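Everything on this sheet refers to the single structure shown next.
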Amino acid sequence: MNWDRPILTDCGGFQVFSLSDLRTITEEGVEFKSHLDGSKHFFSPEKVMEIEEALGADIIMSFDECCPYPSTYEYTKNSMERTTRWAVRCKEAHKNTEEQALFGIIQGGFYEDLRKKSVEDLIKLDFPGYAIGGISVGEPKEEFIKILNFTAPLMPKNKPRYLMGVGTPDYLIEAAIAGIDMCDCVLPTRIARNGTAMTWNGKVVVRNATYERDWGPLDKECDCYTCKNYSRAYIRHLIKVNEILGVRLLSIHNLRFLTKLMERVRIEIERDNLLNFKKDFYKKYGYTKE
RNA sequence: GGGUGAGUGGCAGAGUGGUCAAUUGCACCUGACUGUAAAUCAGGCGUCCUUGUGGCUACGGUGGUUCGAAUCCAUCCUCACCCA
């Protein structure tokens, strides 16, 4: 990769969730069927640690089970408890503790007592960082915010608090308000590949015909390479003719948009003005509908 | 000049008497996308409106056969290939 900055690797727990028809979960681990050749692969907490150590990332994630939405209390409870048992096994299996930080993943679905139990049990294991998993899995935004604001304050404040799988700009702001320090998401690059840019005035589907002769940048306020050098019309053209540079330029922009957004969020935290910033941002950008 | 084959919606290409406003692919338009199975997926795509088991116009042109024609016949036009 030739990337000289921090790297984080995920454990595959989310794939077990999102590719649910190709796997079998047991206490020992997960058997996965490859969609490429039908071959079977077995992932256990120990195997996942082995892989993540071999990849050599700076932050690695423990193997968890991501609960679908909605799930019954009973199912969620069992799933959460198994995730904690797997976290114990990950911790025991992880050897390269000097160079890699192993984070624990909180589960418990949308049940507050289960979330609380999950955090408490993981804290006992003394991970260098903690993540909230199992939200942003298709639930209404209200549910998301409710469980986020319940869980985040329970997490140790002297360690990174990571929200997995988020997301849209409005969700990122909500996360920051809740006290979250880090997030990750496929969204900026995925929507880029599908022809959409995030801008300070909302989403711009630059693939659409309306931008055919729009000679302005994706976002007037943006300082990224793409916005400084290319017009919406040209980017649209690249997308339409399936020229890979188009999605590359959009990806560069969307990633810069999000890092810029988080720069702003940090400034607003310093100013103790994050809630006002959110209000203004929602007005200009719009926000996720239920 | 002679012979053979072919002309279908933006393009390619099915269909060869009724179930055809016409399969499919591309192109085009719109939407979705939240710990990446994603340069993916879904819907729309003649035209008009009072949006309906609706009207109109359409398979090179014209004329015909038939209850009914993209489909059969005649003729004209155009294109491709072969022979002179």
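Keep in mind the model is a prediction, meaning the values are calculated, not measured. Each chain gets a letter, A, B and so on, in the order its sequence line appears, and its residues count up from 1.
Nucleotide rA14(B) is matched to nothing when pairs are restricted to Watson-Crick or G-U wobble geometry with both distances under 3.5 angstrom. The pairing partner recorded for rU40(B) is rA32(B), the criterion being a Watson-Crick or G-U wobble arrangement whose two distances lie under 3.5 angstrom. The partner of rA80(B) is rU4(B), by the rule that a Watson-Crick or G-U pair needs both atom distances under 3.5 Å. The pairing partner recorded for rC45(B) is none, the criterion being a Watson-Crick or G-U wobble arrangement whose two distances lie under 3.5 angstrom.
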Hey, what are the protein-to-nucleotides 40-44 of chain B N/O distances that come in under 3.5 Å?
| from | atom 1 | to | atom 2 | distance (Å) |
| --- | --- | --- | --- | --- |
| rU40(B) | N3 | Asn194(A) | OD1 | 3.4 |
| rU40(B) | O4 | Asn194(A) | OD1 | 3.2 |

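The gap from the P atom of rA39(B) to that of rA27(B) amounts to 16 Å, rounded to the nearest Å. rG9(B) and rU62(B) have their P atoms separated by 16 Å, with the value rounded to a whole Å.
Both Leu250(A) and Tyr225(A) are members of a single hydrophobic cluster when ILVMFWY side chains are connected at heavy-atom separations under 4.5 Å. Following chains of ILVMFWY side-chain contacts shorter than 4.5 Å, one cannot reach Met262(A) starting from Ile252(A), and the two form parts of different hydrophobic clusters.
Among the atoms of the strands shown, only primed sugar atoms or phosphate atoms (P, OP1, OP2) are found under 4.0 Å from some heavy atom of Arg236(A). Counting any heavy atom pair closer than 4.0 Å across all strands shown, Ile105(A) reaches a base atom. Using a 4.0 Å heavy-atom distance criterion, Leu187(A) is classed as a sugar-phosphate-only contact. Residue contacts shown for Ser34(A) are absent, as no nucleic acid heavy atom lies under 4.0 Å away. Within the 4.0 angstrom heavy-atom criterion, base atoms lie near Asp64(A). Residue Leu22(A) is classed as a base contact, given a heavy-atom separation below 4.0 Å to a base. Residue contacts shown for Gln107(A) include a base, since a base heavy atom lies under 4.0 Å away. Residue contacts shown for Cys66(A) include a base, since a base heavy atom lies under 4.0 Å away. At the heavy-atom level, Gly13(A) lies nowhere under 4.0 Å from the strands shown.
Closest to the Met164(A) side chain, of the nucleotides rG31(B), rU34(B), rG35(B), is rG35(B).
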What verdict does the ring pair (Phe, Tyr, Trp, His ring centres under 6.0 Å) test give for Trp215(A) and Tyr234(A), after you've listed the backbone C-alpha separation in whole Å, the side-chain angles of each residue and the deciding distance to 0.1 Å?
CA-CA 8 Å; Trp215(A) 310 111; Tyr234(A) 183 61; 9.7 Å; no
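A close approach under 4.0 Å does occur between a side-chain nitrogen or oxygen of Lys203(A) and OP1 or OP2 of rA32(B).
Tested against Tyr69(A) for a ring-ring contact (aromatic ring centres under 6.0 Å, His included), the candidates Tyr75(A), Phe144(A), Tyr111(A), Phe110(A) yield a single pass: Phe110(A).
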